[in-house]
Amino acid sequence: MASVVSVEHLTPSQKKAVYHKDGPLLVLAGPGSGKTRVITCRIAALIEAGVRPYHICAITFTNKAAEEMRLRVQQNAPAGGVYVSTFHALCVRILRQYAEQAGIASNFSIYDVDDQKRCMKEAIAACQVDSSNFTPARMLEIVSRLKNDLEDEVAYAARADDYNGKYTAKIYTQYQKLLRQNNALDFDDLLVKTAFLLRDCPDVRLELSRRFQYLLVDEYQDTNHAQYQIAKGLALAHRNICVTGDPDQSIYRWRGADIKNILVFEKDWPDAVVVKLEENFRSTPNILEKASRLIVANTKRKHKELIATRPKGDEVIIEACQDETEEARSIAERIKKKIADGVDPNEIAVFYRVNAMSRTIEEQLIRERLPYQVVRGVEFYARKEIRDMLGYMKLIVNPQDDIAFDRAIGTHPRGIGKTSVERLEEYARRNGQSLLAAAANAHQVSAINKPTQERLRAFAAMIAKFRNDSGGAVAPLMDCVFAESGYLESLKAAGAEGVAAIENVNELINAAAEYDRRTENPSLTDYMQSIALYSDTDAYNPDAGRVALMTLHAAKGLEFDHVFIIGLEEGVLPHERSLDGGTDDMEEERRLFFVGITRARKFLQITYARHRVMRGQFIRSVPSPFLYEIGFAGEQKGDFDDNWDEDDFSDNWHRPASRSSGRSPSSALRPAFSSAKPAAVKSSPSAGKTPAYKVNDLVQHAKFGLGRVKEFLDMGADSIVVVKFNSGQTKSLMLKYAKLDKV
DNA sequence: GTGAATCATCTTTTT
DNA sequence: GATGATTCAC
C-alpha cells in the first residue's frame, strides 16, 4: 500500500507527533502550527500502522470542526469508520447505548438554554425563595459551574452551609428533580451523566475502551473538568490518549474550561511524550510580532515562542475612528478596494467581541453592495415557529416532558387557556403525573369546565396517535403533525407573517427529510437528540464567496488572508464584565484578542472608535489597554477632530436616545452627554421629503420578500431602513438603492 | 379565554 | 432593543 502520509512536508516535531504510536501524547501547538494537519496525518499514520479506523475516536470542539475533520481524514486515508465528534455528541451516543446503567430512559429530551430557563424558573418558584436574589440566569450559571466541576446536588447540599448556599442547594436539587421528572438532560448533564457512568461502571468503561482504542482530543485547553474526566476515563485502560491544544488560546474559562487540564496532563500521565509545535506557517512576521507582544503580558502562562516562517508582509494597521459608523465605513471601503483588486471575499473576515456589533458593519457592507455572511449562535432553531414544531416532536418522543407540553399546547389558540393549564398542572402535581397523562385524564379534573376537559383529552389523544406513528422516517410525521395539530391552519390565518412561518416550518421538514435520507435507521428520538446539539455556527460556509462576520469566539480554529478586528476599546475588548473580575478575566480577554490576531495570514487591521452606541446609549470610550501592549503609541494629533461637543451630536445624531438607566456608568464608559436631552433625540435633516417609512410598516422587497420596518433613519437621500424580513433576517437597506415598496 | 398594548428588565462569549 | 410579564379590553 502506498504511503498516505506525506512525510517530506512535515517538520521534525510534526513527524514526532504524527508517528508516536502508543501511550499518552501531548501536543502543545501554537497558532498556525499545522495542528489540524498533524492530527489528520496522525490518524492516517495509525491506520497505516494497522489500527482499524473503527477503533479511533477524535473529539473536536464544534460540530463544524468535526465535519471538517471527517472530510480531511477521508481525503487523507481510506479511513471510513473513524469516529469524529464533539464531546456532547459522544455523550449522547454513550448515554443512549448505556441508558440503563446511567439510570435514565433513552428517549430523554435535551434541554437548550430556553428550556433550561423555563425549568429553572419553575424550580425557583417551587422553592418559594425571594426571587430577586435568585434569578434564573444567575442560578443557571451557578448550577452550570457546579456541573462542570462534577459536583451533583447531593454533594453540593452537603457542603453548602451559609444562607445563600443553602437556598442554592435547594434550588439545584429542585431543578434536578424537575429534569428527572421530565426525563430531560440539560447540556451539562450530558457530560455529568457520562462522567459518572464511566466512574461508576467499570464494565461500561472497559467496553468503551475496547471500542475506542485510540483517543484524540483537539482544543484540549478548552475542556472543562467533566470533559477532562470523560477523556481520562475512556483512555484509562489503553493509555492511548493524544491531546492537542494551546494554553494561550483558551477562551472558554467562563464555561468552566480549565487551563489546568493541559498543564496537569503530564502529571496524570507521567510517561507522556510532549511535542511542541512552535513554528508558525500561517501569519507574516509583522502579525506575529503583535501577537507575541500581546500575549507575553499574561502572567499565568508557560512561555512559548512564535517562530515566523513567512516573508515579512504588510504592516499591521491600527486605526482610530470617530464612531462605530466611521469604523464600519472605513472597513467597508477597504474591503471594497481589496475585492476590486482581486481578493477573494472568502479570504476576508471581520471579528468583534459581541454579536450585536455586526449590525453597523452589515449596514456599511450593504451600502457598498458587498457580499457577506454573519456567523451567529442560534438563529434558525430559535425561531418561534420552529421551537413550536419541535415542542410537538419533543412531546411525542418523550411524553414526560412538561416543558414540551407547555410549548405544544400553546402554539396557537385552541380553546385551552392559561387558567385551564394551571388547573391541569395543579392536578398533575397532586397525582404525580406528567401533564400529558393528566390531559388524558382531564375528565377527572373537576376544576376545569366540561368543553375544555374534552379539548384536553382530544389533544392528548392526538399526541398518542402521533406517538404510535412515530417509528421510522421523521419528515412525513412532522408534515402530518404540522397539518393535523391545527398549527398550519392557524398560521395560514395569520397573514403575511404566517406565510413566512409556514415557509420556515417547511424548511425544517426539508431538513428532516435530508436527515431521513442520510441516516440508515432514522428515528425521531435520534433526530431530536442530534439537532439539540446543532448551532448555526455550524452553518458557516467558507466557500460562499462572502466576507465573514463573526465573534472572536467563533473565529477559533479558522484563518483568513485579511482580517479586521473592531472595537478595541476598554469595556468592549476587554469586555466591561471582565474589568472588575480580576486578572484571570483580563488574561482571558487578552487571549481572545490573541486568537483574533493570529487568524490573519497576510493583512491585519485593528480599529477602535472614540464614541460608540452601546445598548442604545451613546458613550465616549478609551482605547483598549491591549492596543498599547502591541505598540500603539496613542493618538496622533490631527488623526481626527476630537473637539466635538454636545451640539455637534444633536445635528449628527439620528437615533433616539434610550431612557437613561438607573445604574451609574462604569468609569470606563462615561456617557458623552446626558441622554435626557431632547435635542439629541430628533433632528431629521429632511423630514417629510422622501417617502418616509414608519416603524412597523409592512414592506415588500424584490429579493427578500415581505418584512416589517424595525427602524427608519431619516437622512434625506441617504436614508436607511432597517427591515426584519419574514425569512427571519434583518437587513439595513439604503432607501435609494433598495427595491422596496410599501404594502 | 384571547390578543393587543404597555411596562419592566437585562444586556458576552456557546456546546 | 429584545424579551417577558402584566394589564386591559373584548
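For the numbers below, each heavy atom of this structure counts, side chains included, while hydrogens, waters and symmetry mates do not. Order of the sequence lines sets the chain letters (A, B, ...), proteins ahead of strands, with each chain counted from 1.
- Place Thr551(A) and Ile448(A) on DNA chain B by their nearest nucleotides, and Ile448(A) ends up nearer the 5' end.
- When heavy atoms are screened at a 4.0 angstrom cut-off, Tyr252(A) is found touching the sugar-phosphate backbone but no base atom.
- Checking the phosphate oxygens (OP1, OP2) of dT14(B), no side-chain nitrogen or oxygen of Thr62(A) falls inside 4.0 Å.
- Remark: Ala102(A) engages Leu95(A), Ile104(A), Leu197(A) in a side-chain contact (heavy atoms from CB on, under 4.5 Å) (not counting sequence neighbours).
- Note that Arg93(A) lies in the cation-pi zone of Tyr83(A), set by a 6.0 Å cut-off to the ring centre and a 45° limit from the axis.
- Scanning for side-chain contact (heavy atoms from CB on, under 4.5 Å) contacts around Ala328(A) gives Thr360(A), Ile361(A), Gln364(A), with sequence neighbours left out.
- Among the nucleotides dT15(B), dG3(B), dT11(B), the one closest to the side chain of Arg577(A) is dT11(B).
- The nucleotide whose nearest atom lies closest to any side-chain atom of Thr452(A) is, among dT14(B), dT15(B), dG1(B), dG1(B).
- Taking atom NE2 of residue His412(A) and atom C1' of nucleotide dG3(B), one finds them 16 Å apart after rounding to whole Å.
- Under the side-chain contact (heavy atoms from CB on, under 4.5 Å) criterion, Leu558(A) pairs with Tyr540(A), Met550(A), Phe560(A), sequence neighbours left out.
- For residues 117-127 of chain A, every residue pair satisfying the salt bridge (Lys or Arg N to Asp or Glu O under 4.0 Å) rule, not counting sequence neighbours, is listed here: Asp114(A)-Arg118(A).
- Across all strands shown, Ile416(A) has heavy atoms under 4.0 Å from sugar-phosphate atoms exclusively, and none from any base.
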Pairs under 3.5 Å (N/O, protein and nucleotides 5-9 of chain C):
residue : atom : partner   : partner atom : Å
dA5(C)  : OP1  : Lys121(A) : NZ           : 2.8

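- When each of dT13(B), dG1(B), dT15(B) is scored by its nearest atom to the side-chain atoms of Arg255(A), the top-ranked nucleotide is dT15(B).
- Take Asp112(A) and apply the salt bridge (charged side-chain N to carboxylate O under 4.0 Å, His left out) test, not counting sequence neighbours, and it matches Arg387(A).
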